[in-house]
Number of protein chains: 2
Amino acid sequence: MSSVVDDGDLTARAGIRNAALRLFAERGHDAVTVREIATAAGVSPALVVHHFGSKDGLRAAVDTHAIDAFDRVFAELDDHDVAEMLTGGEATTSVAEAFSRMLPPGSPLPAYLRRLLLTNDPAGAAIFGRWFGATRRLLDAMVTLGAARPSDDPDVLAAFLLVNDLAVILLRNQIATAIGDDPLTPAGLDRWAKQATAVYLEGAFAAPPAQPPEAALNKPNAPIEPPEEAPS
Amino acid sequence: MSSVVDDGDLTARAGIRNAALRLFAERGHDAVTVREIATAAGVSPALVVHHFGSKDGLRAAVDTHAIDAFDRVFAELDDHDVAEMLTGGEATTSVAEAFSRMLPPGSPLPAYLRRLLLTNDPAGAAIFGRWFGATRRLLDAMVTLGAARPSDDPDVLAAFLLVNDLAVILLRNQIATAIGDDPLTPAGLDRWAKQATAVYLEGAFAAPPAQPPEAALNKPNAPIEPPEEAPS
DNA sequence: CACGATGCTGAACAAGCGTTTAACATACTG
DNA sequence: CAGTATGTTAAACGCTTGTTCAGCATCGTG
């Protein structure tokens, strides 16, 4: 056993990249030092720079590696979705489900996706744009096949469905403590999918009993963060 | 004019806290230096430490300040929601709507909430837990009033509705470029609320035309991230 | 007026950071 | 076998970081 992380027979380069992926995902780029990455990978700090040029070069390599994996997951999901639609299976297949199915349980990739979308990183914007386009196209296909109701604002509807899916990954930890199941495990995923499917098929709310329609709307509220705040 | 930021007549202490709030929200705690905060607030770096003890003390002060504002927004939303429910107004009132209504347009608070929820910060976990409890109680109330359909897993349903709402704030920038409207402005919010309300009232998908019910389910897929990866 | 708080600063410090450099193995190549 | 890439390291460098310190105004209070 070398130390710290048992990577099997990985190249040192790949080992560094994987260690960096995990640490970046857990704590963010800036909070992780080159020395920590090197220790986690069982190599010297100088080797990190030798292989990736600089810490930022390593960041870029990790980014492309992760984005590649993400797009493979999403592509798989896309096919799966169309197949399910055609065979009359479940109504929806979620990004979260694809992540849970295709990634090993302890994978740092969900957390890395969170960091990628959180920082206003152009790579995160690019991946979101691609996924939005795919969702939009899928929604159109479902409408023409009669599997989804047509909308007067399909862009917003597609974005709504996509971000609802992504929220499961972004807020994974909070959801887990709230409902008592990690939503990226089969058990949690099942509970989540049941409720989501129900809402997407029938809705969640009912129109109120029957009363005067326009009542208290647009009453102005005092802003909570006025231009000048009380000094603490 | 002093410099950089015109804060009106703020205490230096409050000015530092506000500058830190904005910088932390934009770039994250670790990527911001004490010197940058001091410059943005128009004071010397030493004064930052003098008022808050340390950079981490400043972080804590900013945290409590922000969390206080968040909870005020959410409490307002809660009241508003109940009121709307009773008067038979709109079916839903979203967290995003409350943020948009109660915060000035350029406020750093949405971005700070994003950082708080996505960095596994215990403060973020606490605020999510509180909001989840409130959502759960609101959902129960709506069910007894006949405004929401009863669910066999109300915890998950409440979490689903809450994280869908939060996703608008978390992915604000990506949504803005995807749909062409910032979802925290009145225009974008209106488009978003229309689609969300439609889905929550009637659903988004239709049951497939009518076909064999169980078809291709649980077919095993090759994991995309095998234990040992190809060295790049 | 004296005087202790209070607010605030410039200069400096130790520590930690990313990175560089020179050197050492190891292994393929002619 | 010499020679040259390749992988790897220990040690050090320069810079930035958070923080400290001594001192300067300002000001309400006895």
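Since the model is a prediction, treat every value here as computed from it, not as a measurement. Throughout, protein chains are lettered first and strands after them, A, B, ... in sequence-line order, and every chain is numbered starting at 1.
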Among [options], the one nearest [X] by side-chain distance:
| X | options | answer |
| --- | --- | --- |
| B:S44 | D:dG18, C:dG10, D:dT20 | C:dG10 |
| B:H50 | C:dG7, C:dC17, D:dT19 | C:dG7 |
| B:A46 | C:dT19, D:dT20, D:dT9 | D:dT20 |
| A:L47 | C:dG7, D:dT9, C:dT19 | D:dT9 |

d([atom1], [X]; [atom2], [N]) in whole Å:
| X | N | atom1 | atom2 | value |
| --- | --- | --- | --- | --- |
| B:R27 | D:dT17 | CZ | C1' | 14 Å |
| A:D56 | C:dG18 | CG | C1' | 11 Å |
| A:I37 | C:dC17 | CD1 | P | 11 Å |
| B:R59 | D:dG18 | CZ | C1' | 15 Å |
| A:I16 | D:dT9 | CD1 | C1' | 12 Å |
| B:F52 | C:dC8 | CZ | C1' | 14 Å |
| B:K55 | D:dT20 | NZ | P | 15 Å |

Less than 4.0 Å between a side-chain N and a carboxylate O, is that true for B:D140 and B:R137? no

Got a salt bridge between B:K194 and A:D153, using NZ or NE/NH1/NH2 to carboxylate O under 4.0 Å? no

Taking the six-membered ring where the residue is Trp, are the ring centres of B:Y200 and A:F160 under 6.0 Å apart? yes

Hey, would you say the B:F74 and B:F99 ring centroids sit under 6.0 Å apart? no

Using a 4.0 Å heavy-atom cut-off, does A:V32 contact any base of the nucleic acid, only the sugar-phosphate backbone, or nothing at all? sugar-phosphate

Contact class for B:H51 vs. all strands (heavy atom < 4.0 Å): base, sugar-phosphate, or nothing? sugar-phosphate

Distance-minimising heavy-atom pair for B:D181 and B:G188: CB-CA, 3.7 Å

Could you tell me whether the side chain of A:R35 has a donor or acceptor atom within less than 3.5 Å of a complementary atom in the base of C:dG18? yes

